[in-house]
Every structure is written in structure tokens, then in C-alpha cells.
Amino acid sequence: MTTNDEAFARAQRATPGGVNSPVRAYRSVGGTPRAIVAARGAYVTDVEGREYVDLVASWGPAILGHAHPSVVAAVQAAAARGLSFGASTPAETELAELVEHRVSLPGADGPRRPVERLRLVSTGTEATMTAIRLARGATGRDLLVKFAGHYHGHSDGLLAESGSGVATLALPGSAGVPAPIAAQTIVVPYNDAAALERLFAERGAEIAGVIVEAAAANMGVVPPAPGFHALIRRLTRQHGALMISDEVLTGFRVAPAGYWGHAAESWDPDLFTFGKVVGGGMPLAALGGRADVMELLAPLGPVYQAGTLSGNPVAVAAGLATLQNADAAVYERLDAVAAIVSAETSEALSAAGVAHTVQRAGNLFSFAFRESAPRDYDEVRDQEAFRYRAFFHAMLDAGVSLPPSVFEAWFVTAAHDDAAVARILDALPAAARAAAAATPAA
Ligand SMILES: *Cc1c(COP(=O)(O)O)cnc(C)c1O
């Protein structure tokens with residue numbers, strides 16, 4: 001039998017760091033990453049045959065649980081009809097219509113339909129990269145505004161003070177990004193209304209767009225302060241810039257219409273980006289928004305974007321089946337599981353005397369090992385992250401797979417039944433005691 005240690009040693013000789021995406025390497029929690037060979041429902045199985053209750057869910061897509069029978073059947077049927085055509089398909093139009101419909105909400109002045117056109121791409125990175133190119137093409141301006149700790153994928157202009165793996169590895173950004181390109185991105189502290197107003201007052205006429213995570217969830221979960229998105233909307237409109245809401249992580253996970261549908265306030269962005277859930281676990285993402293902006297894309301307009309595998313029929317089948325099955329009962333279960341797991345984890349940490357806060361954005365949640373809830377990236381980084389390392393490993397040893405970084409959200413699925421939840425809850429007291437006993441050097 002191959003062990004996880006053997007699998008990882010071999011992976012490190014074949015692949016940089018043994019991984020194809022950095023956070024998978026366990027660098028911030030230490031130890032050997034589990035080599036996963038199968039996943040079903042709420043569980044993943046490693047190469048040693050050990051089963052774990054999974055709270056990573058492929059970093060979000062698996063809202064129905066892993067290998068949901070309807071999704072697998074749709075993928076198998078699509079694959080049997082051909083893997084890729086390099087031509088238009090009726091199914092990709094169906095997926096676009098479904099997304100456009102799902103993000104439509106009733107409004108005071110009639111229905112709000114913020115996504116009038118949708119284009120499919122293969123990754124969230126491509127979606128945000130293209131949305132930014134569109135904002136620049138639409139405005140004829142270069143400057144992009146992003147928020148510290150927000151992650152929008154790994155394209156050159158977007159790595160400045162990013163969350164996710166950049167946060168996990170404590171990188172300031174990335175080597176290999178030319179200074180003139182980095183200079184086109186201005187990073188503002190998240191939830192800092194005054195800083196944003198000041199920036200627009202000084203440089204508003206140069207700003208092409210503001211990109212913001214619909215709710216920050218790549219530095220742990222940090223929801224937007226009341227009125228913050230509305231302020232972005234007001235300032236961008238006032239100064240002729242575009243607002244891009246990045247729902248790659250939150251979209252179709254926190255509510256049928258994404259965080260946009262979940263938030264109490266109303267702010268209609270010009271462009272949305274989607275990924276993760278919309279592809280149902282296959283490489284598929286999308287950007288969408290106002291028709292007049294979206295139709296600046298080639299072949300109609302001057303902003304170029306393309307993809308050999310864009311709208312791949314197998315990926316489209318997975319996305320369609322996932323969204324079609326994500327009904328009200330699914331969202332109820334996601335919310336219920338998130339509520340109990342977050343509350344019981346907090347209970348266990350309190351009982352062990354571990355200072356912490358829990359933050360939620362719908363059914364997404366995470367913990368910060370500090371006294372007060374962090375509102376921005378500086379506060380997120382100011383915590384006893386070493387406690388998570390001990391907590392993570394105690395949970396893993398007890399058969400629960402958490403995100404291998406304190407800077408990531410926990411992801412539940414609708415397949416987390418009472419038995420799976422019970423396994424999580426059973427593991428909590430010992431893990432909380434491990435967190436309490438942890439020391440920075442350990
Ligand atoms: C995951 C993520 C991305 C990048 O998507 P990839 O498919 O990994 O390229 C972009 N934005 C947000 C908010 C994300 O969570």
C-alpha cells in the first residue's frame with residue numbers, strides 16, 4: 001500500500017512542492033498532505049484508505065456533496081457525446097440563461113436583472129482577468145482598485161496583498177510581476193470607507209474599476225461592513241468607473257443568487273465573476289453583467305478574450321446539473337450544517353479557554369484566534385494562527401479534514417448528514433484542547 005508520506009515524497013520529485021496549487025501543500029499547518037483518491041458525499045478517502053469528513057469541498061464547488069449521482073450521470077452522458085467540440089452548444093446557452101435567471105431579484109422598480117450576458121471561461125482567474133480588461137476597455141482608463149486580503153486569482157495585476165495562498169505563505173505579492181503592471185493596481189484596506197473616498201477624490205478620473213469579493217472569504221471570512229458595497233457602487237458610478245463583484249467563491253453557495261442575493265443591502269455591480277459552484281467541480285467559470293459592457297467583448301467589441309476549452313460541454317453538464325439540483329432544501333441544509341458546526345466549534349474553543357471569534361457570510365464561516373472579529377487584512381494577520389495548526393491536526397487525526405490554513409473558509413455541503421456532523425462534533429473538544437495547549441514554536 002502507498003502511504004501519504006510516500007505519495008507526497010514522489011509528488012515533490014515530480015511537481016514543485018508536490019502540489020498543483022500552493023495551499024494544498026500544508027505549509028501553514030505543517031505535516032504531510034493527504035493524497036486523496038476518492039470522494040463521495042461528505043467524505044474524502046486518502047491513499048491509505050482512511051476516510052475523512054470533508055470541510056474543504058474542493059474549496060467550494062461541491063455544495064451537493066462529492067460525486068452527487070445526478071452530476072456524475074450528467075457528466076458521463078456528456079462525455080459519451082464527445083469531450084469538446086470547439087463550437088457552440090445548446091447546453092452552454094442553457095447554463096448562461098440559468099445563471100442570468102438565478103441572479104435576478106425582485107426590486108422596487110421591477111425585477112433587477114444584473115447579468116444580461118454571460119461568458120464562460122475555464123477558471124476564476126480568467127473570469128476576473130477578463131472582467132478587469134473589460135473595465136479598462138469600457139472606460140479607457142488603466143487603474144484598478146482592489147482590497148487588501150481579497151483574492152481574485154493569480155493574474156499579474158491581482159496578486160498585490162492577496163488572500164488565499166498568498167496570505168497562507170505570507171507573500172507580499174509575487175515575483176515575476178513587472179513593476180509597471182503592479183503599479184496599475186491600487187490596494188485599499190478593506191472596509192475602510194474613508195480611504196476609499198480619499199482615493200476617489202484624488203484619482204477618481206484615472207480609475208477603471210473596483211474589484212471586490214462579494215464577501216471576503218480568502219483571508220478567512222470577513223463580511224463587508226454595512227454600507228461598504230453601497231459606497232463602492234456610489235463612488236464608481238460618480239466617477240465613471242465600473243464595479244466588479246467577485247462571486248467566484250460565494251456565488252450560488254451562500255444563497256441561490258449568491259452573496260448578492262443574500263446581502264440585506266442593494267448594490268448592483270456592473271460585472272460579476274463566478275466560478276467554483278457554477279462548474280460543479282469541473283474547470284468552468286464565468287463573467288457576466290450589463291449587456292452594453294459585456295458586448296464590448298470580441299466578436300462584438302474591441303476587448304479580446306477567447307478559450308479553446310471555454311464552455312467545455314462536460315464542464316457545462318456538471319455546472320448545469322449542480323445548479324439544477326441546488327434547490328431550497330440544499331440551501332437550508334447548508335445553512336443548518338454551517339450553523340451547528342460553527343456554533344459547536346466556538347463552544348468547544350470557549351470551553352478550552354481559547355480566545356477566538358467566528359465570522360460568517362451566509363453558510364461560509366471561519367475562525368480567527370484573537371479577541372475581536374477582524375475587519376480587514378491587518379487585523380486578520382494579527383492572530384494566534386499557531387493555534388489553528390494544532391487544531392487542524394487534532395481534527396485530521398480524528399478523521400475530519402479542514403482547510404489547511406486559518407486564512408480559508410470552512411465549506412459545508414448538503415451531503416453533511418447527521419452522522420457526518422456528529423463525527424465533526426465528536427472531534428471538537430480534543431482539538432480545542434490541543435489549540436489551547438499550542439505554543440508559537442510548536
Ligand atoms: C477561487 C477564487 C478565484 C480564482 O478562481 P480559480 O478558479 O482558482 O482561478 C477568484 N476569486 C475568488 C473570490 C476566489 O475565491
Side-chain angles (χ1 to χ4, degrees), residues 23 25-34 42 52-57 59 149 163-165 167-170 190-191 215-223 335-412 416 420-442:
V23 178
Y26 281 23
R27 291 295 285 266
S28 81
V29 292
T32 304
R34 301 300 184 260
Y52 305 82
V53 180
D54 182 33
L55 287 168
V56 180
W59 301 100
S164 192
T168 299
L169 302 173
Y190 184 42
N191 283 332
N218 283 287
M219 53 170 160
V221 173
V222 185
D335 291 348
V337 175
I340 182 159
V341 173
S342 60
E344 295 287 325
T345 303
S346 184
E347 252 322 282
L349 289 170
S350 294
V354 179
H356 71 281
T357 61
V358 54
Q359 296 224 90
R360 296 183 58 169
N363 56 50
L364 287 163
F365 59 94
S366 69
F367 298 85
F369 292 88
R370 70 201 304 279
E371 296 284 351
S372 63
R375 288 155 304 173
D376 61 26
Y377 196 34
D378 284 343
E379 291 185 357
V380 161
R381 283 183 293 188
D382 179 19
Q383 64 168 298
E384 296 183 329
F386 62 87
R387 298 200 186 280
Y388 187 74
R389 203 184 306 154
F391 184 82
F392 169 87
H393 278 290
M395 293 296 283
L396 194 65
D397 290 346
V400 179
S401 176
L402 298 177
S405 165
V406 75
F407 299 117
E408 305 286 354
W410 297 22
F411 298 93
V412 301
H416 281 77
V421 170
R423 268 175 71 169
I424 298 169
L425 304 193
D426 286 350
L428 288 171
R433 287 193 296 274
T439 55

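None of these values were measured; they are calculated from a predicted model.
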Worksheet item: Does a side-chain heavy-atom distance below 4.5 Å link Tyr190 with Val380?
Response: no
Practice prompt. Using salt bridge (charged side-chain N to carboxylate O under 4.0 Å, His left out) as the criterion, list what pairs up with Arg423, not counting sequence neighbours.
Written response: Glu51
Worksheet item: Considering all heavy atoms of both residues, which atom of Ser342 and which atom of Phe365 are nearest to each other, and what is their separation?
Response: CB-CD1, 3.6 Å
Discussion item. Could you work out, with side-chain contact (heavy atoms from CB on, under 4.5 Å) as the rule, every residue matching Glu344, not counting sequence neighbours?
Written reply: Ile340, Leu425, Leu428
Response to the item:
Ala390 and Ala434 have their tightest heavy-atom pair at CB-O, 3.5 Å
Worksheet item: Taking all non-hydrogen atoms of both residues, which atom of Thr345 and which atom of Val341 are closest, and how far apart?
Response: OG1-O, 2.6 Å
Discussion item. Nearest 0.5 angstrom please: Thr32 OG1 to Tyr26 OH, how far?
Written reply: 9.0 Å
Discussion item. If you define the side chain from C-beta out and look only at heavy atoms, does anything of Val29 sit under 4.5 Å from Tyr388?
Written reply: yes
Worksheet entry | Over all atoms of both residues, closest heavy-atom pair of Ala436 and Ala352 | CB-O, 3.5 Å
Worksheet item: What residue among Arg381, Arg375, Gln383 forms side chain to side chain donor-acceptor pair (under 3.5 Å) with Glu379?
Response: Arg375
Worksheet item: Does any non-hydrogen side-chain atom of Phe407 lie less than 4.5 Å from one of Ser366?
Response: no
Worksheet item: Is there a donor-acceptor pair under 3.5 Å between the side chain of Gln359 and the backbone N or O of Ala373?
Response: no
Worksheet item: Between Ala432 and Ala348, which heavy-atom pair has the shortest distance, and what is it?
Response: CB-O, 3.3 Å
Worksheet entry | side-chain contact (heavy atoms from CB on, under 4.5 Å) between Phe367 and Leu402, worked out | CA-CA 12 Å; Phe367 298 85; Leu402 298 177; over 6 Å; no
Fill in: Where Thr357 and Glu371 come nearest, the two heavy atoms and their spacing
CG2-O, 3.3 Å
Item to complete: Measure the shortest side-chain to side-chain distance between Glu384 and Pro440 over non-hydrogen atoms and say whether it is less than 4.5 angstrom.
Response: no
Worksheet item: With a 4.5 Å heavy-atom cut-off, do Trp410 and Leu364 have their side chains touching?
Response: no
Worksheet item: Does the side chain of Met395 reach to within under 4.5 Å of the side chain of Phe392, using non-hydrogen atoms?
Response: no
Fill in: Crowding at CZ, Arg34 (>12 non-hydrogen neighbours, <6.0 Å)
yes
Worksheet item: So, does Arg370 use its side chain to make a donor-acceptor pair with the main chain of Asp382 at under 3.5 Å?
Response: yes
Worksheet item: Sub-3.5 Å donor-acceptor pair from the side chain of His416 to the main-chain atoms of Leu55, do we have one?
Response: no
Discussion item. Taking the side chain as everything from C-beta on, heavy atoms only, tell me whether Val406 gets closer than 4.5 Å to Phe391.
Written reply: no
